[in-house]
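Letters A, B, ... are given to chains in the order of the sequence lines, protein chains preceding strands, and every chain is numbered from 1.
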2 protein chains.
Amino acid sequence: MNKKPSDEVVMAWVYLLKAQNAAMGHVEAMFKKGGLPPFSWYDVLWELEKEDAVGLRQFQLEERLLVSQYGLSRLLTRIEKAEYVERLPCSEDGRGHRVVITRPGKKIRAKMWEVYSQAINTAVGDRLSDKQCEQLKRLLANLVD
Amino acid sequence: MNKKPSDEVVMAWVYLLKAQNAAMGHVEAMFKKGGLPPFSWYDVLWELEKEDAVGLRQFQLEERLLVSQYGLSRLLTRIEKAEYVERLPCSEDGRGHRVVITRPGKKIRAKMWEVYSQAINTAVGDRLSDKQCEQLKRLLANLVD
DNA sequence: TCAATATATATGCAACTGCATATAATTGGT
DNA sequence: ACCAATTATATGCAGTTGCATATATATTGA
(Lines give C-alpha, C1' and ligand atoms only; values in the text may rest on other atoms or scores of the structure.)
Protein backbone atom coordinates (compact mmCIF):
# COMPACT_ATOMS: atom_id res chain seq x y z
CA MET A 1 0.00 0.00 0.00
CA ASN A 2 1.33 3.39 -0.95
CA LYS A 3 1.46 6.40 1.26
CA LYS A 4 -0.40 9.55 0.22
CA PRO A 5 1.73 12.68 0.12
CA SER A 6 1.02 15.22 2.86
CA ASP A 7 -0.56 18.55 2.01
CA GLU A 8 2.79 20.20 2.58
CA VAL A 9 4.43 17.98 0.00
CA VAL A 10 1.70 18.58 -2.55
CA MET A 11 1.81 22.31 -2.05
CA ALA A 12 5.56 22.36 -2.43
CA TRP A 13 5.14 20.53 -5.73
CA VAL A 14 2.42 22.92 -6.88
CA TYR A 15 4.52 25.96 -6.06
CA LEU A 16 7.53 24.46 -7.73
CA LEU A 17 5.52 24.32 -10.95
CA LYS A 18 4.04 27.77 -10.48
CA ALA A 19 7.32 29.41 -9.61
CA GLN A 20 9.17 27.81 -12.45
CA ASN A 21 6.42 28.81 -14.84
CA ALA A 22 6.40 32.40 -13.65
CA ALA A 23 10.17 32.77 -13.57
CA MET A 24 10.65 31.17 -16.96
CA GLY A 25 7.93 33.38 -18.31
CA HIS A 26 9.83 36.50 -17.28
CA VAL A 27 13.03 35.25 -18.79
CA GLU A 28 11.52 34.18 -22.08
CA ALA A 29 9.57 37.40 -22.43
CA MET A 30 12.72 39.45 -21.98
CA PHE A 31 14.63 37.32 -24.44
CA LYS A 32 11.95 37.74 -27.04
CA LYS A 33 11.69 41.44 -26.41
CA GLY A 34 15.44 41.68 -26.95
CA GLY A 35 15.15 39.84 -30.27
CA LEU A 36 17.57 37.22 -29.01
CA PRO A 37 17.89 33.52 -29.87
CA PRO A 38 15.88 31.10 -27.77
CA PHE A 39 16.77 30.73 -24.15
CA SER A 40 18.07 27.18 -24.59
CA TRP A 41 20.95 28.39 -26.71
CA TYR A 42 22.50 30.22 -23.81
CA ASP A 43 23.62 27.27 -21.75
CA VAL A 44 25.16 25.58 -24.75
CA LEU A 45 27.14 28.67 -25.66
CA TRP A 46 28.22 29.25 -22.09
CA GLU A 47 29.46 25.71 -21.53
CA LEU A 48 31.37 25.89 -24.79
CA GLU A 49 32.81 29.30 -24.07
CA LYS A 50 34.21 28.01 -20.81
CA GLU A 51 36.14 25.43 -22.81
CA ASP A 52 37.09 27.97 -25.46
CA ALA A 53 39.09 26.52 -28.36
CA VAL A 54 39.10 22.97 -27.03
CA GLY A 55 35.35 22.68 -27.07
CA LEU A 56 33.38 19.70 -25.90
CA ARG A 57 32.15 16.44 -27.27
CA GLN A 58 28.42 16.29 -27.65
CA PHE A 59 28.07 13.69 -24.91
CA GLN A 60 29.99 15.92 -22.53
CA LEU A 61 27.67 18.80 -23.23
CA GLU A 62 24.78 16.46 -22.65
CA GLU A 63 26.07 15.66 -19.17
CA ARG A 64 26.35 19.32 -18.28
CA LEU A 65 22.97 20.40 -19.64
CA LEU A 66 19.35 19.50 -19.04
CA VAL A 67 18.64 18.19 -22.51
CA SER A 68 18.13 14.86 -24.23
CA GLN A 69 20.60 13.34 -26.66
CA TYR A 70 18.47 13.97 -29.72
CA GLY A 71 17.37 17.31 -28.37
CA LEU A 72 20.98 18.38 -28.16
CA SER A 73 21.79 17.00 -31.58
CA ARG A 74 19.12 19.13 -33.16
CA LEU A 75 19.76 22.13 -30.95
CA LEU A 76 23.37 22.11 -32.12
CA THR A 77 22.24 21.83 -35.73
CA ARG A 78 20.21 25.00 -35.28
CA ILE A 79 22.93 26.89 -33.44
CA GLU A 80 25.43 25.76 -36.04
CA LYS A 81 23.18 27.07 -38.79
CA ALA A 82 23.33 30.45 -37.05
CA GLU A 83 27.13 30.05 -37.08
CA TYR A 84 27.51 30.40 -33.35
CA VAL A 85 29.15 26.97 -33.01
CA GLU A 86 31.09 24.60 -35.22
CA ARG A 87 31.26 20.83 -35.21
CA LEU A 88 34.87 19.96 -35.89
CA PRO A 89 35.97 16.45 -36.87
CA CYS A 90 37.39 14.55 -33.96
CA SER A 91 40.70 12.80 -34.56
CA GLU A 92 40.52 10.45 -31.59
CA ASP A 93 36.95 9.25 -32.19
CA GLY A 94 35.56 9.06 -35.69
CA ARG A 95 31.99 8.77 -34.48
CA GLY A 96 31.79 12.20 -33.00
CA HIS A 97 33.17 15.69 -33.16
CA ARG A 98 34.36 18.48 -31.00
CA VAL A 99 31.84 21.27 -30.70
CA VAL A 100 33.40 24.70 -30.34
CA ILE A 101 31.99 28.19 -30.02
CA THR A 102 32.75 30.72 -32.75
CA ARG A 103 33.65 34.36 -32.33
CA PRO A 104 30.12 35.50 -33.22
CA GLY A 105 28.95 32.88 -30.76
CA LYS A 106 30.89 34.53 -27.97
CA LYS A 107 29.53 37.87 -29.01
CA ILE A 108 25.91 36.78 -28.89
CA ARG A 109 26.42 34.93 -25.62
CA ALA A 110 27.65 38.11 -23.99
CA LYS A 111 24.67 39.95 -25.40
CA MET A 112 22.33 37.26 -24.15
CA TRP A 113 23.83 37.45 -20.69
CA GLU A 114 23.02 41.15 -20.49
CA VAL A 115 19.38 40.30 -20.90
CA TYR A 116 19.49 37.02 -19.03
CA SER A 117 21.07 38.47 -15.94
CA GLN A 118 18.47 41.22 -15.81
CA ALA A 119 15.73 38.69 -16.30
CA ILE A 120 17.06 36.61 -13.42
CA ASN A 121 16.92 39.71 -11.29
CA THR A 122 13.35 40.36 -12.32
CA ALA A 123 12.34 36.77 -11.72
CA VAL A 124 14.34 36.06 -8.57
CA GLY A 125 16.69 38.77 -7.38
CA ASP A 126 14.04 41.42 -6.88
CA ARG A 127 11.90 38.98 -4.93
CA LEU A 128 14.26 37.19 -2.55
CA SER A 129 17.18 38.30 -0.43
CA ASP A 130 20.54 36.63 -0.87
CA LYS A 131 19.90 34.77 2.32
CA GLN A 132 16.57 33.51 1.05
CA CYS A 133 18.15 32.51 -2.25
CA GLU A 134 20.75 30.51 -0.41
CA GLN A 135 18.01 28.81 1.59
CA LEU A 136 15.99 28.13 -1.53
CA LYS A 137 18.96 26.66 -3.32
CA ARG A 138 19.67 24.37 -0.39
CA LEU A 139 16.12 23.08 -0.37
CA LEU A 140 15.94 22.62 -4.12
CA ALA A 141 19.25 20.79 -4.16
CA ASN A 142 17.56 17.94 -2.33
CA LEU A 143 15.24 17.42 -5.27
CA VAL A 144 18.09 16.95 -7.72
CA ASP A 145 19.35 13.39 -7.94
CA MET B 1 23.18 50.88 -15.64
CA ASN B 2 21.80 47.51 -14.65
CA LYS B 3 22.75 45.61 -11.57
CA LYS B 4 24.29 42.15 -11.94
CA PRO B 5 22.56 39.40 -10.00
CA SER B 6 24.46 38.08 -7.02
CA ASP B 7 25.85 34.56 -7.05
CA GLU B 8 23.14 33.56 -4.62
CA VAL B 9 20.44 34.74 -6.98
CA VAL B 10 21.98 32.98 -9.95
CA MET B 11 22.39 29.74 -8.05
CA ALA B 12 18.80 29.88 -6.87
CA TRP B 13 17.75 30.27 -10.49
CA VAL B 14 19.95 27.40 -11.61
CA TYR B 15 18.61 25.09 -8.94
CA LEU B 16 15.07 26.08 -9.71
CA LEU B 17 15.61 24.82 -13.23
CA LYS B 18 17.44 21.70 -12.11
CA ALA B 19 14.92 20.79 -9.45
CA GLN B 20 11.96 21.33 -11.69
CA ASN B 21 13.61 19.26 -14.39
CA ALA B 22 14.41 16.41 -12.03
CA ALA B 23 11.04 16.42 -10.32
CA MET B 24 9.10 16.63 -13.56
CA GLY B 25 11.25 13.87 -14.94
CA HIS B 26 10.20 11.54 -12.14
CA VAL B 27 6.56 12.36 -12.60
CA GLU B 28 6.54 11.97 -16.35
CA ALA B 29 8.46 8.73 -16.18
CA MET B 30 5.95 7.25 -13.77
CA PHE B 31 3.04 8.43 -15.87
CA LYS B 32 4.49 6.86 -18.95
CA LYS B 33 5.31 3.66 -17.13
CA GLY B 34 1.70 3.50 -16.01
CA GLY B 35 0.49 3.91 -19.59
CA LEU B 36 -1.45 7.00 -18.57
CA PRO B 37 -2.41 10.08 -20.57
CA PRO B 38 0.02 12.99 -20.55
CA PHE B 39 0.62 14.77 -17.31
CA SER B 40 -1.06 17.97 -18.50
CA TRP B 41 -4.43 16.26 -18.65
CA TYR B 42 -4.51 15.80 -14.91
CA ASP B 43 -4.98 19.39 -13.87
CA VAL B 44 -7.75 19.91 -16.39
CA LEU B 45 -9.62 16.85 -15.17
CA TRP B 46 -9.14 17.78 -11.55
CA GLU B 47 -10.36 21.35 -11.95
CA LEU B 48 -13.39 20.07 -13.80
CA GLU B 49 -14.12 17.31 -11.33
CA LYS B 50 -14.20 19.86 -8.53
CA GLU B 51 -17.02 21.60 -10.42
CA ASP B 52 -18.69 18.31 -11.26
CA ALA B 53 -21.81 18.66 -13.43
CA VAL B 54 -21.61 22.43 -13.68
CA GLY B 55 -18.24 22.43 -15.33
CA LEU B 56 -16.24 25.49 -16.26
CA ARG B 57 -15.96 27.87 -19.14
CA GLN B 58 -12.73 27.59 -21.00
CA PHE B 59 -11.56 31.01 -19.86
CA GLN B 60 -12.17 30.00 -16.26
CA LEU B 61 -10.05 26.91 -16.69
CA GLU B 62 -7.41 29.08 -18.27
CA GLU B 63 -7.26 31.25 -15.15
CA ARG B 64 -6.81 28.24 -12.91
CA LEU B 65 -4.17 26.49 -15.00
CA LEU B 66 -0.72 27.30 -16.29
CA VAL B 67 -1.56 27.10 -19.95
CA SER B 68 -2.09 29.47 -22.85
CA GLN B 69 -5.45 30.13 -24.45
CA TYR B 70 -4.69 28.20 -27.62
CA GLY B 71 -2.84 25.55 -25.67
CA LEU B 72 -5.94 24.92 -23.63
CA SER B 73 -8.19 24.95 -26.67
CA ARG B 74 -6.19 22.17 -28.26
CA LEU B 75 -5.61 20.32 -25.03
CA LEU B 76 -9.38 20.14 -24.57
CA THR B 77 -9.80 18.93 -28.12
CA ARG B 78 -7.47 16.04 -27.36
CA ILE B 79 -9.04 15.20 -24.02
CA GLU B 80 -12.46 15.43 -25.60
CA LYS B 81 -11.38 13.00 -28.30
CA ALA B 82 -10.53 10.57 -25.52
CA GLU B 83 -14.03 11.20 -24.17
CA TYR B 84 -12.87 12.34 -20.76
CA VAL B 85 -14.53 15.74 -21.13
CA GLU B 86 -17.40 17.22 -23.13
CA ARG B 87 -17.92 20.71 -24.48
CA LEU B 88 -21.55 21.50 -23.91
CA PRO B 89 -23.28 24.43 -25.61
CA CYS B 90 -23.62 27.40 -23.31
CA SER B 91 -27.02 29.03 -23.14
CA GLU B 92 -25.88 32.30 -21.61
CA ASP B 93 -23.00 32.91 -24.01
CA GLY B 94 -23.18 31.66 -27.54
CA ARG B 95 -19.46 32.11 -28.14
CA GLY B 96 -18.35 29.50 -25.69
CA HIS B 97 -19.31 26.34 -23.93
CA ARG B 98 -19.30 24.70 -20.59
CA VAL B 99 -16.61 22.08 -20.28
CA VAL B 100 -17.55 19.17 -18.06
CA ILE B 101 -15.81 15.99 -17.04
CA THR B 102 -17.37 12.67 -18.05
CA ARG B 103 -17.69 9.55 -15.96
CA PRO B 104 -14.71 7.89 -17.70
CA GLY B 105 -12.91 11.16 -17.10
CA LYS B 106 -13.43 10.87 -13.37
CA LYS B 107 -12.29 7.29 -13.52
CA ILE B 108 -9.05 8.06 -15.29
CA ARG B 109 -8.38 11.06 -13.06
CA ALA B 110 -8.57 8.85 -10.00
CA LYS B 111 -6.23 6.39 -11.67
CA MET B 112 -3.85 9.19 -12.59
CA TRP B 113 -3.84 10.46 -9.02
CA GLU B 114 -2.69 7.07 -7.77
CA VAL B 115 0.39 7.41 -9.90
CA TYR B 116 0.73 11.15 -9.56
CA SER B 117 0.64 11.12 -5.78
CA GLN B 118 3.30 8.45 -5.65
CA ALA B 119 5.39 10.38 -8.12
CA ILE B 120 5.13 13.49 -5.99
CA ASN B 121 6.37 11.45 -3.07
CA THR B 122 9.29 10.19 -5.10
CA ALA B 123 10.13 13.62 -6.39
CA VAL B 124 9.50 15.65 -3.25
CA GLY B 125 8.04 13.82 -0.27
CA ASP B 126 10.90 11.37 0.11
CA ARG B 127 13.41 14.18 -0.04
CA LEU B 128 12.05 16.93 2.18
CA SER B 129 10.31 16.98 5.53
CA ASP B 130 6.92 18.61 5.86
CA LYS B 131 8.62 21.51 7.56
CA GLN B 132 11.04 21.89 4.69
CA CYS B 133 8.20 21.68 2.18
CA GLU B 134 6.39 24.44 3.96
CA GLN B 135 9.53 26.54 3.90
CA LEU B 136 10.11 25.80 0.23
CA LYS B 137 6.55 26.71 -0.64
CA ARG B 138 6.87 30.00 1.20
CA LEU B 139 10.02 30.90 -0.69
CA LEU B 140 8.67 29.87 -4.08
CA ALA B 141 5.45 31.81 -3.50
CA ASN B 142 7.50 34.99 -3.74
CA LEU B 143 8.41 34.14 -7.31
CA VAL B 144 4.80 33.86 -8.40
CA ASP B 145 3.23 37.14 -9.46
C1' DT C 1 41.14 -11.30 -36.22
C1' DC C 2 36.42 -11.18 -36.07
C1' DA C 3 31.81 -11.24 -34.44
C1' DA C 4 29.08 -9.37 -30.83
C1' DT C 5 28.19 -5.58 -28.17
C1' DA C 6 28.46 -0.89 -26.81
C1' DT C 7 28.92 4.01 -27.73
C1' DA C 8 28.24 8.56 -30.32
C1' DT C 9 25.30 10.90 -33.05
C1' DA C 10 21.39 11.60 -36.37
C1' DT C 11 16.67 11.33 -38.17
C1' DG C 12 11.60 10.05 -39.70
C1' DC C 13 7.42 10.58 -37.72
C1' DA C 14 3.82 12.07 -34.89
C1' DA C 15 2.62 14.99 -31.19
C1' DC C 16 2.83 19.46 -29.13
C1' DT C 17 3.82 24.60 -28.85
C1' DG C 18 3.95 29.60 -29.95
C1' DC C 19 2.55 33.14 -32.81
C1' DA C 20 -0.42 35.45 -35.50
C1' DT C 21 -4.76 35.67 -37.00
C1' DA C 22 -9.56 34.01 -37.92
C1' DT C 23 -14.38 33.42 -36.52
C1' DA C 24 -18.19 34.21 -33.90
C1' DA C 25 -20.86 36.29 -30.33
C1' DT C 26 -21.39 40.05 -26.87
C1' DT C 27 -21.11 44.73 -25.13
C1' DG C 28 -21.03 49.70 -25.20
C1' DG C 29 -21.68 54.14 -26.97
C1' DT C 30 -24.47 57.09 -29.70
C1' DA D 1 -31.15 49.91 -33.45
C1' DC D 2 -26.39 50.11 -35.26
C1' DC D 3 -21.61 49.97 -35.60
C1' DA D 4 -17.16 49.74 -33.26
C1' DA D 5 -14.72 47.61 -29.84
C1' DT D 6 -14.20 43.66 -26.86
C1' DT D 7 -14.38 38.91 -25.48
C1' DA D 8 -14.36 33.70 -26.21
C1' DT D 9 -12.57 30.25 -28.76
C1' DA D 10 -10.29 28.05 -32.83
C1' DT D 11 -6.73 27.26 -36.36
C1' DG D 12 -2.84 27.47 -40.16
C1' DC D 13 1.83 27.40 -40.05
C1' DA D 14 6.38 26.83 -38.72
C1' DG D 15 9.29 25.42 -35.13
C1' DT D 16 10.33 22.11 -31.35
C1' DT D 17 10.05 17.84 -28.84
C1' DG D 18 9.74 12.70 -27.69
C1' DC D 19 10.13 8.16 -29.22
C1' DA D 20 11.93 4.69 -31.73
C1' DT D 21 15.27 3.52 -34.65
C1' DA D 22 19.14 4.19 -37.99
C1' DT D 23 24.07 4.80 -38.99
C1' DA D 24 28.71 4.74 -38.07
C1' DT D 25 32.60 3.86 -35.33
C1' DA D 26 34.86 1.80 -31.24
C1' DT D 27 35.64 -1.82 -27.93
C1' DT D 28 35.65 -6.39 -26.06
C1' DG D 29 36.18 -11.25 -25.68
C1' DA D 30 37.07 -15.71 -27.65
Side-chain angles (χ1 to χ4, degrees), chain A residues 17 20-21 24-44 48 55-82 85-100, chain B residues 17 20-21 24-44 47-48 55-82 84-100:
Chain A
L17 295 189
Q20 208 269 353
N21 188 265
M24 190 61 96
H26 285 122
V27 173
E28 285 183 338
M30 291 177 75
F31 265 70
K32 201 166 324 172
K33 203 172 132 197
L36 293 171
F39 170 66
S40 57
W41 294 28
Y42 183 83
D43 288 336
V44 172
L48 292 177
L56 287 172
R57 296 291 302 275
Q58 203 162 303
F59 71 91
Q60 295 176 301
L61 258 175
E62 199 183 322
E63 288 162 6
R64 287 168 166 75
L65 303 177
L66 305 173
V67 68
S68 63
Q69 181 271 316
Y70 44 86
L72 180 56
S73 175
R74 291 197 262 223
L75 180 54
L76 286 173
T77 302
R78 283 176 253 135
I79 304 180
E80 191 178 29
K81 203 157 295 169
V85 303
E86 284 180 301
R87 294 199 243 218
L88 303 177
C90 182
S91 49
E92 70 274 21
D93 188 338
R95 292 168 300 182
H97 26 61
R98 286 186 310 125
V99 185
V100 297
Chain B
L17 295 188
Q20 207 269 352
N21 189 265
M24 189 61 96
H26 285 122
V27 173
E28 285 183 337
M30 291 175 76
F31 265 69
K32 202 164 325 171
K33 203 172 133 197
L36 293 172
F39 169 67
S40 56
W41 293 27
Y42 182 83
D43 288 335
V44 172
E47 291 301 330
L48 292 178
L56 287 172
R57 297 291 302 274
Q58 202 163 303
F59 72 90
Q60 294 176 303
L61 258 175
E62 198 183 321
E63 288 161 7
R64 289 167 166 74
L65 303 177
L66 305 173
V67 68
S68 63
Q69 182 271 314
Y70 43 87
L72 179 56
S73 174
R74 291 197 264 224
L75 180 54
L76 286 173
T77 301
R78 282 175 253 134
I79 304 179
E80 190 178 31
K81 203 157 294 170
Y84 295 145
V85 303
E86 282 181 302
R87 293 198 244 218
L88 303 179
C90 183
S91 50
E92 71 273 22
D93 188 340
R95 292 168 299 183
H97 27 61
R98 286 187 310 125
V99 185
V100 298

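A82(A) pairs by the side chain to side chain contact (heavy atoms under 4.5 Å, CB included) definition with W41(A), Y84(A), not counting sequence neighbours. Scored by the side chain to side chain contact (heavy atoms under 4.5 Å, CB included) test, E86(A) finds L88(A), V100(A), T102(A) as partners (sequence neighbours excluded). For H26(B), the side chain to side chain contact (heavy atoms under 4.5 Å, CB included) test picks out D145(A), T122(B), A123(B), R127(B), with sequence neighbours left out.
Phosphate proximity of dT9(C) to R57(A): present, with a side-chain N or O under 4.0 Å from OP1 or OP2. One finds no side-chain N or O of R78(B) lying less than 4.0 angstrom from the OP1 or OP2 phosphate oxygen of dA14(C). Taking 4.0 angstrom as the limit, Q60(A) places none of its side-chain polar atoms (N or O) nearer than this to OP1 or OP2 of dA8(C). Considering only side-chain N and O atoms, R87(B) lies nowhere under 4.0 angstrom from the phosphate OP1 or OP2 of dT9(D). Considering only side-chain N and O atoms, H97(A) lies under 4.0 angstrom from the phosphate OP1 or OP2 of dA10(C).
Following rounding to the nearest Å, I79(B) (CD1) and dA15(C) (P) show an atom-to-atom distance of 16 Å. Atom CD of E62(A) is separated from atom C1' of dT9(C) by 9 Å (rounded to the nearest Å). For Q58(A) and dA8(C), the CD to P distance is 11 Å, given to the nearest whole Å. Following rounding to the nearest Å, E28(B) (CD) and dT17(D) (P) show an atom-to-atom distance of 13 Å. Distance CG (L61(A)) to P (dA8(C)): 13 Å, rounded to an integer number of Å. In this structure, M24(B) atom CE and dT17(D) atom P are separated by 15 Å, rounded to whole Å. When the C1' atom of dT11(D) is taken as reference, atom CD of E80(B) falls 16 Å away, rounded to whole Å.
When each of G94(A) and D93(B) is assigned the nucleotide of DNA chain D bearing its nearest heavy atom, the one mapping closer to the 5' terminus is D93(B).
You'll find the side chain of M30(B) stays beyond 4.5 Å of the side chain of L36(B), heavy atoms only. In this structure, Q58(B) and R87(B) have side chains that are in contact, with non-hydrogen atoms separated by less than 4.5 Å.
A distance of 9.5 Å separates CG of N21(A) from CD of E28(A), quoted to the nearest 0.5 Å.
In this structure, L48(A) and V99(A) approach most closely via the heavy-atom pair CD2-O, 3.3 Å. The shortest heavy-atom contact between R57(A) and Q60(A) is N-OE1, 2.8 Å.
For residues 63-75 of chain B, proximity to DNA chain C is found at S68(B), Y70(B), R74(B), defined as any non-hydrogen atom under 4.0 angstrom from a strand atom.
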For nucleotides 27-29 of chain C, give me every protein contact, N/O to N/O, under 3.5 Å, one pair per line with atom names.
none

Listing, residues 61-74 of chain A side-chain donor-acceptor contacts under 3.5 Å, not counting sequence neighbours, or none:
from: S68(A); atom 1: OG; to: G71(A); atom 2: N; distance (Å): 3.0

